[in-house]
Structures are given as structure tokens and as C-alpha cells.
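The structure under discussion appears below in the form of C-alpha cells.
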Amino acid sequence: MLKLAALVGPTAVGKTELAIKLAQKIGGEIISCDSMQVYRGMDIGTAKASPAQRDLVPHHLIDIAEPDLNFTVADYQRLAQQAIFKLNGSGRIPMLVGGTGLYYQAVVDNYDFFPMESLQTIRAQWEQICSDKGIEYLFKQLLAIDPAYAAKVGGNDKKRIIRALEVYDLTGRPFSSLQNQNKDTYRLCAIGLYMDRTELYARIEQRVDAMIKEGLVEEVARLREKGYDLSMNSMQALGYKQVYNYLEGLLTYAAMVYEIKKETRNFAKRQYTWFNRDKRIHWFNLTEFSNSEIILEKICDLMEGQLIRV
RNA sequence: GGAGGGAUACCCAAGAGGCUAAAGGGGGCAGACUGUAAAUCUGUUAGCGACGCUUUCGAAGGUUCGAAUCCUUCUCCCUCCA
């Protein structure tokens, strides 16, 4: 069985740093599990590992797409699986490190993604119908073809409703019947990092200030000059979206900073919610450890027990 | 000094005698999540031993079967004329 380590947790807990030390100790390589670090030119706002850090331990799935490409979970899963396979072959421990819950789950539980690409034309069609007849109409359509999924998503989640309708158009099958997963594909050792809420929120605010000091505004301005805009998934990233609006004159500087901090806090909460659901994750409260060496030891022991001495 | 306007829950803001523990928005908190996921959506938000009870609409009195809504006084804020 393929081995897989994972290190997850909310933004700004300190995953990157700890992951590097851990990788060095257990002979691992890092597979970034982050939906925004895949994009080139988005460095400061996504808090990518620095070039120096990447020299210490190989990092995979960072800087693999241009920001105008709409990278998807399925793309991510495929590439991550390739990396996991390769690393297992060479005796290295693949370490999934990041905070994108869906990407993590899609890999770890090996979601089935049927081979059909989503078609921009179909989505555009449904979008059009939605603006003509209203979302209630779309919801009725969904209710007719996939009542179970309709009940689950409710009548307001336009993105999910359209996706489900699109999948039906593509496959002729209800979306809910296609959502299979394959747990136990890997010998998994998952670690979750967390911190008392107030401490994490304070770190988030400090980090946002630091990003701005390091040139986040300039980074976004560069992307904007290249023609990347808010219609692209990449530019929906936290920080980028708000700075973009600031550059457009839609937000004041103060409002921009406030919004980035607030939405990052909200995001961290959503990450907690997501990862809390996965009962395989072993959680470590960083607030309780004044010495990061101790926690590193503990995590190391756990990983060695579950992945190496087996 | 004179003339008006206003004080509503964490914040902004509706309400103008019973249907109001009080619309809506923001924020907070909780949850969901299978090809946009740093996206998107949902629930909840006075207190409590909670299908009931207690305390809320600047403060204190009063009118009324019944008040955030009407009257009186007081406190604070704003605008305008001096």
C-alpha cells in the first residue's frame, strides 16, 4: 500500500516551517495541498515556501499553472497521485501539506472524478437560463433529475446547482450517483495543526500586515497589468481579490486591509470545520507547546510508527 | 440664548398603541462542501433548568386592559439661527 503523510490546518498556523523540518527528519518531500500556490507569480499573498526553503526540501505542485488557467481539483488530484506514486517508488515519504480541504480529501479518499472535462459552453448556457428565468427555475430542473442532491444543496447555491445540471448534461446521470470515494487507498498518517483561536487570529493579522509590507499590492498590480482579472479563479484568492478592488478604486486602503484580515479569519474557521470532520487526523495544539522541537518529536514518532516501521 | 432633529439589541438601521424578543444589513458563532473550493452555500445571534419563564428599545415617572410606539421631566448627541 502506498504511504502518504499529511499535514493540514488553517492558514497561518505554521505548516510550512514545520513541514520542512519534518521532511528532513523522516526523509520526505512536500506536496503542496493548496489551491492557490499552484499559480505562478502569486507568491507573497499565498505564503509560498521561499526559494531557500524549497532548496532544503523538494516541493511539488507549486508554480505549475499560469493565473489565467482555471486549475481544478481533478487536475490537482491527478498530479498529486503521480507524485505520491513516484515518491513511494523512490523510498521517499510523500507529505501532503496545506489547507485546501477539498484537495486534501480528493487525494486522501481518492475521489472518483469521471474523465469528463467540464464544458464552459454548458455552464454558460445554464448561467444564461439562470439570469433569464431565475435560480428557482434551475432548482426545479435539478429537483427533477436529482432530488437527493437538490435537497442537499438547497435552492440558493448557484454554483453547485449549475454543476449538478452540467454533470447531468454530460453524463445523463444524477450527480449524486457519481460521487464515489475510495478510502483506504493509502496508508495514511494525517497530522492536524491548530492553535487557540485568539492566537491564530492575531497571527493572521500580523501576517497580512507583513504581506503588504513585502509587496502584496505591487504583486497584484503586476498581475493586473498582465491582464489577469477577477473573472479568473486565481484572482479570487484571499488578498488578491481585495487588493485588486483597491487598485480599481473600489476599496479604500484601510477597507482593503480590514477585508483581507476579516476574510482570512473566516477562511481559517472554515478550514477548521472541514478538517474536523476527518477523524483520522491527529491534532496538535501548538498553543500548548512553547518548544516547537517537542512537537516535532511527537509528530515524528507518530509518523515513524505509522509509516516507516511497518 | 433661540428653533428644530435624534437616542432601538455587538454595530448600522427599520418600526410610530396589541400580530414585536423587535424587519433588514454588517459583524460574531456554528455547519455544509466531489471538476470555480482562499470559491460557494446554510443555520444561528437578550438571558435562562427553554414547546415555558425572566429582563430589553437613553433615564425616571405617567396614560392605557395593553407602550419601543402616547404624555411629563431629566441626561446626552446633531443641525440651523443668534
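Heavy atoms only: backbone and side chains are in, while hydrogens, waters and symmetry mates are out. Reminder, nothing fancy here: chain letters follow the sequence lines and each chain counts from 1.
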**OP:** Assign A:Thr46 to base, sugar-phosphate, or nothing according to its heavy-atom contacts below 4.0 angstrom with the strands shown.
**Re:** base
**OP:** Under 4.0 Å between any heavy atoms, over every strand shown, what does A:Tyr76 touch: base, sugar-phosphate, or nothing? Just pick one.
**Re:** nothing
Counting side-chain heavy atoms from C-beta on, which of [options] comes nearest to [X]?
| X | options | value |
| --- | --- | --- |
| A:Lys262 | B:U40, B:G31, B:G28 | B:G28 |
| A:Arg123 | B:U36, B:G31, B:U34 | B:U36 |
| A:Thr72 | B:U36, B:G28, B:U34 | B:U36 |
| A:Thr100 | B:C41, B:A30, B:A38 | B:A38 |
| A:Tyr201 | B:A38, B:U34, B:C29 | B:C29 |
| A:Asn233 | B:U36, B:C41, B:A38 | B:U36 |
| A:Arg265 | B:G28, B:U36, B:A30 | B:G28 |
| A:Tyr149 | B:A37, B:C41, B:U34 | B:U34 |
| A:Arg160 | B:A38, B:C29, B:A37 | B:A37 |
| A:Gln179 | B:U34, B:C29, B:G31 | B:U34 |

Original post:
Any N or O donor-acceptor pair linking the side chain of A:Asp34 to the base of B:A38 at under 3.5 Å?
Top reply: yes
Subject >> Pair of N/O donor and acceptor under 3.5 Å linking B:U34 base with A:Gln181 side chain >> reply: yes
Original post:
Looking at side-chain heavy atoms only, is the closest gap between A:Leu223 and A:Tyr244 below 4.5 Å?
Top reply: no
Measure the distance from [atom1] on [X] to [atom2] on [N] and round it to the nearest whole Å.
| X | N | atom1 | atom2 | value |
| --- | --- | --- | --- | --- |
| A:Asn276 | B:A30 | CG | P | 10 Å |
| A:Asn182 | B:U34 | CG | C1' | 12 Å |
| A:Asp229 | B:U36 | CG | P | 17 Å |
| A:Phe275 | B:A37 | CZ | P | 14 Å |
| A:Tyr272 | B:C29 | OH | P | 12 Å |
| A:Tyr39 | B:A37 | OH | C1' | 10 Å |

Original post:
Hey, do the aromatic rings of A:Tyr194 and A:Phe275 have their centres closer than 6.0 Å?
Top reply: no
**OP:** Respond yes when some side-chain nitrogen or oxygen of A:Asn156 is under 4.0 Å from OP1 or OP2 of B:U42, and no when none is.
**Re:** yes
**OP:** Measure the CG-CD1 distance between A:Leu238 and A:Ile204 for me, rounded to the nearest 0.5 Å.
**Re:** 9.5 Å
